[in-house]
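Heads up, the thing below is written out as structure tokens.
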Amino acid sequence: MDKEMSNWEAVIGLEVHVQLATKSKIFSGASTLFGSPPNTQACNIDLGMPGVLPVLNKEVLKMAIKFGLAINASINSPTQFARKNYFYPDLPKGYQISQLDSPIVEGGFLQIEIEGERLKKIGITRAHLEEDAGKSLHEEFENHSGIDLNRAGTALVEIVTEPDFRTPADVRLFLGELKQTVEYIGASNCNMEEGDLRVDANVSVRRSGSSRLGNKTEIKNVNSFSGVERALSLEISRQIATLDAGSAVGQQTLLWDDHREELRKMRSKEESHDYRYFPEPDLSPVRVTQ
């Protein structure tokens, strides 16, 4: 890897989904207890049934603000919610309540310690609140998929970093620092086996010394720090080999198979998604007092 990287530099940015440690969901009173039988913890609000109205969980807001203060960020007031429209079988409403403009947390940083001595600052672009989707189950059903909506409506904070990472090892150090910070302020249990912390990584490579960004690929939903590091190392090597062979790196979304230690293509990546965001009509903007 080191020899491969001598003429190349990786550029990596992260999107980290952290499930907040509230007893009820972000917009309903349904329980968030892990391990309950499928579809026993999704109420009419989580399912988007006609006539229901979401109500913001105040503890979710407090936890997000504590995280923003912990990373030296700005807290936006007012902060507002938006509808992010897309279809997926485990998204029963056909849209996700998230944040686009004026997210609760904007800016900030965390520092990691490189080789025990040098501090490196990793910029955080934003952290916004949103509801989780349900879960598709494939293993239990032959030729079919099941849908468990217990997780639908669970409170998430999505943390988006600047593309400040140059090595997979730096990414692992940052994730450890992030986990420690979130646990310390009591915002999440960060139990990765239960899906409390999930990582998407965007990665591209470029010639050493160049400021031009290469085509990036996205590695989706990795739920272990070692898995993120191994997946990134494998993808960086693949991109370098592709470019050295005179070919172009295509934009695509990849899934990491931890058991087989391999990346699988999920879909070709478009330049941008059309989520048709618009302000959530059922939730007023939230003003945060000093």
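Please read all numbers here as calculations on a predicted model, not as lab measurements.
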Checklist entry - Knowing that exactly one of F225, F165, F109 qualifies, which makes a ring-ring contact (aromatic ring centres under 6.0 Å, His included) with F174? => result F165

Could you check whether any side-chain N or O of [X] sits under 3.5 Å from a backbone N or O of [Y], counting only pairs where one atom can act as donor and the other as acceptor?
X    : Y    : answer
S31  : S24  : no
R198 : Q19  : no
N7   : S208 : no
D258 : V222 : no
T32  : K25  : no
Q99  : I104 : yes
N76  : P103 : yes
N85  : R276 : yes
N72  : G108 : no
T154 : R151 : yes

For a quick test of reading the model, state the closest non-hydrogen atom pair linking [X] to [Y] and the distance between them.
X    : Y    : answer
C190 : L197 : SG-CD1, 3.9 Å
S204 : K216 : CB-CA, 3.8 Å
E131 : Y95  : OE2-O, 4.1 Å
I71  : G107 : CD1-O, 3.9 Å
L33  : Q41  : O-NE2, 3.0 Å
V52  : M49  : CG2-O, 2.9 Å

With rounding to the nearest 0.5 Å, note down the distance linking [atom1] in [X] to [atom2] in [Y].
X    : Y    : atom1 : atom2 : value
N150 : T40  : CG    : OG1   : 4.5 Å
D244 : W8   : CG    : CH2   : 5.5 Å
L14  : I124 : CG    : CD1   : 10.0 Å
L91  : K93  : CG    : NZ    : 7.5 Å
Q111 : L119 : CD    : CG    : 5.0 Å
E158 : H17  : CD    : NE2   : 3.5 Å

Determine the sole option in [options] for which the side-chain contact (heavy atoms from CB on, under 4.5 Å) test with [X] is passed.
X    : options               : result
E218 : E235, E15, M266, Q252 : E15
F67  : V18, I75, V182        : V182
I12  : V228, V203, T161      : V203

Quick check: do [X] and [Y] have side-chain heavy atoms less than 4.5 Å from each other?
X    : Y    : answer
P281 : R83  : yes
L213 : R206 : yes
I114 : L173 : yes
Y275 : Q96  : no
S226 : R172 : yes
P54  : I97  : yes
W256 : R264 : no
D257 : L263 : no

Item to check | Neighbour count above 12 (heavy atom, 6.0 Å) for K135 NZ | outcome: no

Next on the checklist: Quick check on Y86: does its OH atom have over 12 non-hydrogen neighbours (other residues, nucleotides or ligands) under 6.0 Å away?
Outcome noted: yes

Item to check | Test side chain to side chain contact (heavy atoms under 4.5 Å, CB included) applied to V205 and V11, step by step | outcome: CA-CA 6 Å; V205 298; V11 179; over 6 Å; no

Same hydrophobic cluster for [X] and [Y], using side-chain heavy-atom links shorter than 4.5 Å among ILVMFWY?
X    : Y    : result
F81  : F278 : no
F27  : L129 : yes
V160 : L110 : no
V199 : I112 : yes
V288 : L69  : yes

Checking [Y] against [X]: is there a side-chain donor and acceptor pair closer than 3.5 Å?
X    : Y    : result
S188 : D196 : no
D170 : T167 : yes
T22  : E59  : no

Next on the checklist: Please evaluate residues T217 and N202 with respect to the criterion side chain to side chain contact (heavy atoms under 4.5 Å, CB included), reporting the C-alpha separation (whole Å), side-chain torsions for both, the decisive distance (0.1 Å), and the verdict.
Outcome noted: CA-CA 6 Å; T217 57; N202 295 293; over 6 Å; no

Checklist entry - Of R207, R212, R166, which is the lone residue that meets salt bridge (charged side-chain N to carboxylate O under 4.0 Å, His left out) with E9? => result R166

Checklist entry - When you look at V105 and S74, which way does the side chain to side chain contact (heavy atoms under 4.5 Å, CB included) test go after all the steps? => result CA-CA 6 Å; V105 172; S74 299; over 6 Å; no

Next on the checklist: For a side chain to side chain contact (heavy atoms under 4.5 Å, CB included) check, start with the C-alpha distance between V171 and E229, then their side-chain angles and the critical distance, and finish with the verdict.
Outcome noted: CA-CA 7 Å; V171 169; E229 187 173 18; over 6 Å; no

Checklist outcome for this item: Hits for side chain to side chain donor-acceptor pair (under 3.5 Å) against K66, two or more places apart or cross-chain, chain-then-number order -> none

